[in-house]
Structures are given as C-alpha cells and as structure tokens.
Amino acid sequence: MNRIQEIKDRIRGEVIQALEKAKATDALTFETIPAFAIEVPRDKNHGDFAVNVAMLLAKQAGRPTREIAQTVQKNLEEELPWLTKLEIAGPGFLNFFVEPSYFHPVLTAILAEDQAYGRSLNGAGQKVQIEFVSANPTGLLHMGNARGAALGDSLGNLMAAAGYKVSREYYINDAGNQVENFGKSLEARYLEQLGQPFEFPEDGYHGEDIVDTVKNIIAAEGDRFLHMESALRREFMIQLGLKEKLANIRKTLGEFGVQYDVWFSEQSLHDSGEVLETINDMKEKDLLFEQDGALWLRGTAFGGEKDEVMVRANGVPTYFAGDIAYHRNKFRRGFDLLINIWGADHHGHVARMKGAMGALGYDPDHLQVILMQLVRLLKGGDIVKMSKRSGEYVTLTELMEEVGRDAARFFFVMRSADSQMDFDLDLAKSQSADNPVYYVQYAHARIHSLLKMAAGEVIDPDKVRLELLQEPAEIALIRKLAELPEEILQAAQAMEPHRMPRYAMELAAQFHSFYTDCRCLVEDDELRKARLLLSDATRITLRNVLSLIGVSAPERM
RNA sequence: GUUUCCGUAGCUCAGUAGGAUAGAGCGACCGCCUCCUAAGCGGUAGGCCGUGGGUUCGACUCCCGCCGGGAACACCA
C-alpha cells in the first residue's frame, strides 16, 4: 500500500478539476495548467501536503498568487472527508491537512505485506544490469572497492524492490598489460621463494598479498615451474594467480554480503572474437582510421574529447576496445538499462563509452554511469596514500574486522556517491558504538524484546481498534511508516541508495520517541493491542529497510 | 590549460525536477530510569549555505565569473 502516492494523486486530481472549473466559469484565465508540485513540507505547520500551483499561474493569470489560491480553494469539491483543513499560506501555497486516521490502514497493510512492504511494480519488470566493483584481480579489495560494493549492492536491492529485474555483474579485467605485469611480479616472487636469482619488475605489484599468492601456488604445485621457459612459466603464474585472486575477491565480497549473478571475463571477449568483430563493425561504419600504425576511433565525431586508440601499433587491442565490445555484449543480452558504478578516476571514460554505444546504434541514455568519488583514508590524522602497485592499502577484509560489516555498509551507503569521503579509520573504530547503524538496529532490537514480552498475545489485525492511536508520537510514526514505498521509488528512480539510511534513521527516531511517550504494555486491552500492532509494523518496516542497505536487523543487542 | 565532483553548524554529512523560519548524527551544555532495553528521550547553544554577479513572485538549489580542495586528461586499465 502506497498511501502517500494515493493522496498525492487524489490532490492532483482535485486541483486540476478545480482549475478547469475556475477556467470554465471565467474565475481564472490561463492557457495550460503548469506542472505543479505536491510536496511534503518540512514544517508540520504547513500541513501534510503543499501545492504551489498558484505561484506558477501568477504570470499567466495576471493575478496575485494568494487570490489565485483562493479561487482554487473555492472551486474544490465541497466534501473532501479525508481532509481536516485546507489553508492558504505564505506566498500562496495550498496546504492540505490530511485526516490522521486516513493513514491507519497502512498498519494492517504492512502486517499483511510483511517482507513485501515497500516494494512495488513500478519498474514493470524491466531488465537492469548493474556492474560494480570490477576490481582488477591483481590484488585484494580495498576501501574504494568496498564503497562500490556497498553502493552497487544496495542500488540493486532498491531497483529490485522498485520492480526491476536486476542482474549484478562483475567484469573481470583478466587481459592486457596489467596482467602481464602481474605475471612478472608473480614470477619474481616465485623465484625468490624458491631461492633463485630474480629481478623484480620496475612497476610490479609490491603488495604482500602477491607473496601469499605465490606461497599458495608453491604449496599446491611445488617447484615444477622452475625449470621451464620464462614465458611459459609466466602463463602458468597468471592462470593460477588470477584464479587464486578471484577466489579471494569472491569470498571477500560474499562476506560483505554481495552476491553476483554473473562474473564476466574480459579475456573471453577476446577469445570469442567479439572484440575483433566489434572493431570490424566499427571499421565498416567508418568510425575508425589508421595513423602511426595504430587504429584510431574518431572520438571527436560523437562527443568525445579526442580520438582514441583502439588497436595499438603492435596489433593488440586496447582496454577501451575490449570495453566497447563488453558493453555491446551487455546490450545484446537484452538489458533495458545498464548501470555502471565507476570510480571518479574513470570519469573521462564516460563520454566516450556513451558515444561509442551511440555510434553502434544503441541509446546512450540506456547506459547510466554512477561516478563514485574516491575514498581517502585517514589514519592517525594523516592521509594514507593507497595504491595497489605499492601494496599500501587497507583491505575490505581488514575494514570488516575493524568496524564490522554492518557499520561499514551503513557508513558507505549513507553517503551520496558524489561526495568525496575521508574514512577516518581510528574514528570509525573508536566511534563504533556511536555509529548511526546501532541507533537503527537498537530500535529493531527494542521492538523485538517488547513483542517477546507480550508473547502469547493473539492479535487479529482486522479487529484491532487502530483509531485509538491518536497520540502525536503515534500519528507521526504511522505517517513515517507510510512513506517507505514512496522513499524506495524515489531512491530507485534517482539511483540514490543513500536515501535509505536516512529514512532508516528517521524511522528509528520516530519509534524511539513513541516508545518514550507511549507505554505499550498497558492494562487497557484495546490500546495495548493497537500499540503492539504499531510496534510490529515498525519492526517489519525497519527490517525491510535495513535489508535494502544490506545490514542485519538484530533481535537482541 | 581542458573536463568533472565537492565547498552547508566545532567535526562527518543530508537537503538541489527552484518554495515558506536551512536539517541529522557526533561533539558541547542542561534535564529525564522504583515503569516495556538509557546503545534511549526532551531541551539549549552553534550558520552572511566558499565568494561576486545574473535569471524571478521566490535561489543552498538554475546560469556565468572568481577562490579553495579532489579526480581525469597514455598505443595503462
């Protein structure tokens, strides 16, 4: 049940009807009804819903805004039983005050819908693919990947709740120079471990995890790669190393609560010939040209900053060529919408990828890229330089050990993707008990304990006298509960998962106030049942929101 | 230099399809447990929304300039 939307639709209809009536009777003159807003005012004194149509009509109608508002009011249906009051305020707002009991049925709906409360069919089953994290499998997952994982997974949950068919995908960069470099680094460590002379590559991967990977390889395969040709040895190293790294990434993400539907290999696009096919197709469309022995894309022809190399002079396609083939592959799989979550350091890639898709005949707007600002790590008040090459970074595993999965996810999702965030590790640790996530979880645990105490009490939702819930704290809580479906829709539509933690905190706050103001386990049977039902509805709603964020809803704390 | 994100309370951040007196958490200060979990509640203090213009009934929100910070501008990915 989405009561908020119902009321908005109703108000919209009433206002439009009133305007047309006013126009027909020459009470107002205007050409078209402007797209007016029905918003929930911040200030409760301004009612439940405010309509700004009078201000928007001022110019067309050539009359003072408050006068227009009055005319609208006069032309509204006389009997609107769900309203308690309609005021004209400020510059000409029409403030609608909704009968509080009008929201009460939401409670029984929540109990009936349970896990489904908040969900809708708005996305109409459209297929959406979300690609996120896609970290190079040459190291461990770090803080930045953690942010991407939390955001991507929550966005997936949100879109699914809003009625989209969601597929989560991880693109494995298992081709290209970095993989060669990875192989060289592994080989060097391999030789080192086995006491052989070795030379560590100039810009190799210095992280300790590479050493661990090699140790694992030696444990499983021994020294059988020692006496073979270097090129072949590297191939083995790469194969085994990628496998080990990928397994680790998969395991870590699983521990973080992220499950993917598809793990897509970049190499497979080269093996299947799709990269070449894509390049040939682009050649046929005259999108490419040759220069200095390389094959270039006419980037400037479709919105790009400059031309881009597709195939190097040495005949090897670039990452960009592979990525174009990849995105074409996605479209070919029939997704209606592709969402990529990329680090801000890839922002230069957005325009050219969209441009390339457009050039290949796909709608660039069906590819949405969420640019996530990078995470800086503060330790002891200093910024820690993080780089995979140097091996200096805090891993996702370490983060979970230090602040916990729930806190980490809540923290990452709480911030909008485009805010740069400084993650102060010391603060996160020391504040762990004050982290907002506990505030929300505590509300859930409190309700659980309350319901446990009332165990045995049989409550038939249909027979509960909801009209007994009239205290301001009760009304406010019910009202907040009613907002969930709308919140989910808006967050999904805007692709902004960070709204959910905010809502969770607001809901928890409303519950805590209610809990303090209104005693649940009272003598009065009717009132007790009503309040228990309200508490139970809150429990369900909190749990549903937390699950969208990927945070657990504990029964005890 | 070009592109892009950010600049809001002491700190970390919300709020922007333009709305009324700008919000939350943490921190600070003052109150509240013989009573369902005080990881809670109520209250107080704290702001020229970086800055200067413009657009209009109205700008934290949109446009332009400037200042400050991050990021990207490879035959790397």
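Each chain gets a letter, A, B and so on, in the order its sequence line appears, and its residues count up from 1.
Pair check for B/G42 finds B/C30; Watson-Crick or G-U wobble, both atom distances under 3.5 Å. Nucleotide B/A14 has no partner under the Watson-Crick or G-U criteria, as no pair reaches both atom distances under 3.5 Å. Judged by Watson-Crick or G-U wobble contacts below 3.5 Å, the nucleotide B/U61 has no partner. In this structure, B/U56 makes no Watson-Crick or G-U wobble pair, since no nucleotide meets both defining distances under 3.5 angstrom. The base-pairing partner of B/C36, taking Watson-Crick or G-U wobble contacts with both distances under 3.5 Å, does not exist among the strands shown. Across all strands shown, B/C66 pairs with B/G50; the Watson-Crick or G-U wobble distances both stay below 3.5 Å. Pairing for B/A20 is absent, with no Watson-Crick or G-U wobble pair whose two atom distances lie under 3.5 Å. Look at B/U2: its Watson-Crick or wobble partner, with both distances under 3.5 angstrom, is B/A72.
At a threshold of 4.0 angstrom between heavy atoms, the contacts of A/D307 with the nucleic acid are absent. A/Y439 comes within 4.0 angstrom of the backbone, heavy atoms only, and of no base. A/N52 comes within 4.0 angstrom of a base, heavy atoms only. Heavy atoms of A/A37 sit nowhere under 4.0 angstrom from any nucleic acid atom. Contact annotation for A/T65: no contact, since no heavy-atom pair falls under 4.0 Å across all strands. Within the nucleic acid shown, A/E87 has no heavy atom closer than 4.0 Å to any nucleic acid atom. As judged by a 4.0 angstrom heavy-atom cut-off over every strand, A/M55 is placed among the base-contacting residues. A/H46 comes within 4.0 angstrom of a nucleotide base, judged by non-hydrogen atoms across all strands. When heavy atoms are screened at a 4.0 angstrom cut-off, A/A50 is found touching base atoms of the nucleic acid. Backbone-only engagement by A/S416 is indicated by non-hydrogen atom pairs under 4.0 Å involving sugar-phosphate atoms exclusively. The residue A/A454 sits apart from the nucleic acid: no heavy atom pair falls under 4.0 Å. Residue A/L56 is classed as a base contact, given a heavy-atom separation below 4.0 Å to a base. Among the atoms of the strands shown, none is found under 4.0 Å from any heavy atom of A/M310.
B/U4 atom C1' lies 14 Å from atom CH2 of A/W342, rounded to whole Å. Summarising the geometry, the separation between NE2 on A/H512 and P on B/G25 is reported as 11 Å, rounded to the nearest angstrom. The CE-C1' distance, from A/M505 to B/A39, rounds to 13 Å in whole Å. Atom pair A/I279:CD1 and B/C75:C1' shows a separation of 13 Å (rounding to whole Å applied). If you measure from atom CE of A/M414 to atom P of B/C13, you get 9 Å, rounded to the nearest angstrom. If you take NE2 of A/H448 and P of B/A39, they are 19 Å apart, rounded to a whole angstrom. Atom C1' of nucleotide B/C57 and atom CD of A/E67 are separated by 15 Å, given to the nearest angstrom.
Rounding to the nearest 0.5 angstrom, the gap separating the CD atom in A/Q373 from the NE2 atom in A/H347 is 9.5 Å.
Under the side chain to side chain contact (heavy atoms under 4.5 Å, CB included) criterion, A/A537 pairs with A/L107, A/I110, A/L111, A/L481, sequence neighbours left out. With sequence neighbours left out, the side chain to side chain contact (heavy atoms under 4.5 Å, CB included) criterion links A/P201 to A/N181, A/K184, A/S185, A/A188. In this structure A/E87 satisfies the side-chain hydrogen bond (donor to acceptor under 3.5 Å, both in side chains) test together with A/K85, sequence neighbours excluded.
Only A/D292, A/A294, listed by number, bring a heavy atom of residues 288-296 of chain A to less than 4.0 angstrom from any atom of RNA chain B. Heavy-atom distances under 4.0 Å link RNA chain B to A/H498, A/R502 of residues 489-504 of chain A, given in residue order.
For the pair A/R12 and A/F96, the NZ or CZ position fails the cation-pi test of under 6.0 Å to the six-membered ring centre and within 45 degrees of the ring normal.
Using a 4.0 Å cut-off between charged nitrogen and carboxylate oxygen, A/R499 and A/E487 do not count as a salt-bridge pair. Of the charged side-chain nitrogens involved, at least one lies within less than 4.0 Å of a carboxylate oxygen, so that A/R531 and A/E474 count as a salt-bridged pair. A salt bridge links A/E131 to A/K330: one of the charged nitrogens lies within less than 4.0 Å of a carboxylate oxygen. With respect to the salt-bridge test (charged N to carboxylate O, under 4.0 angstrom), the residues A/R528 and A/E526 do not qualify.
By the 6.0 Å contact criterion, CD on A/Q291 is enclosed, its count of non-hydrogen atoms from other residues, nucleotides or ligands being greater than 12.
For B/C33, the base adopts the syn conformation, since its glycosidic angle falls within 90 degrees of zero.
Counting atom types as modelled, A/Q420 pairs a side-chain N or O with a base atom of B/G69 as donor and acceptor under 3.5 Å. Taking only distance into account, the side chain of A/N95 meets the base of B/A20 through a donor-acceptor pair shorter than 3.5 Å.
B/U21 and B/U55 are spaced 25 Å apart, taking the C1' atom of each and rounding to whole Å. Here the separation of B/G23 from B/U44, taken at their P atoms, is 13 Å to the nearest Å. With P as the reference atom, B/G65 and B/U4 are 11 Å apart, rounded to whole Å.
Listed for the A/N314 side chain is a donor-acceptor partner under 3.5 Å among the backbone atoms of A/V316.
Phosphate proximity of B/A38 to A/R446: present, with a side-chain N or O under 4.0 Å from OP1 or OP2.
Checking A/H346 against A/N340 by side-chain atom types alone, no donor-acceptor pair falls below 3.5 Å.
Residue A/Y515 and nucleotide B/G40 are not classified as a stacked aromatic pair, given the requirement of ring centres less than 5.5 Å apart at an interplanar angle below 30°.
Residue pairs meeting the ring-ring contact (aromatic ring centres under 6.0 Å, His included) criterion with at least one partner in residues 490-513 of chain A, sequence neighbours excluded, are A/Y439-A/H512, A/Y442-A/H512, A/F511-A/F514, A/F511-A/Y515.
Side chain of A/R415, nearest nucleotide from B/C13, B/C36, B/C6: B/C13. Comparing B/G40, B/A20, B/C5 by their closest approach to the side chain of A/D418 singles out B/C5.
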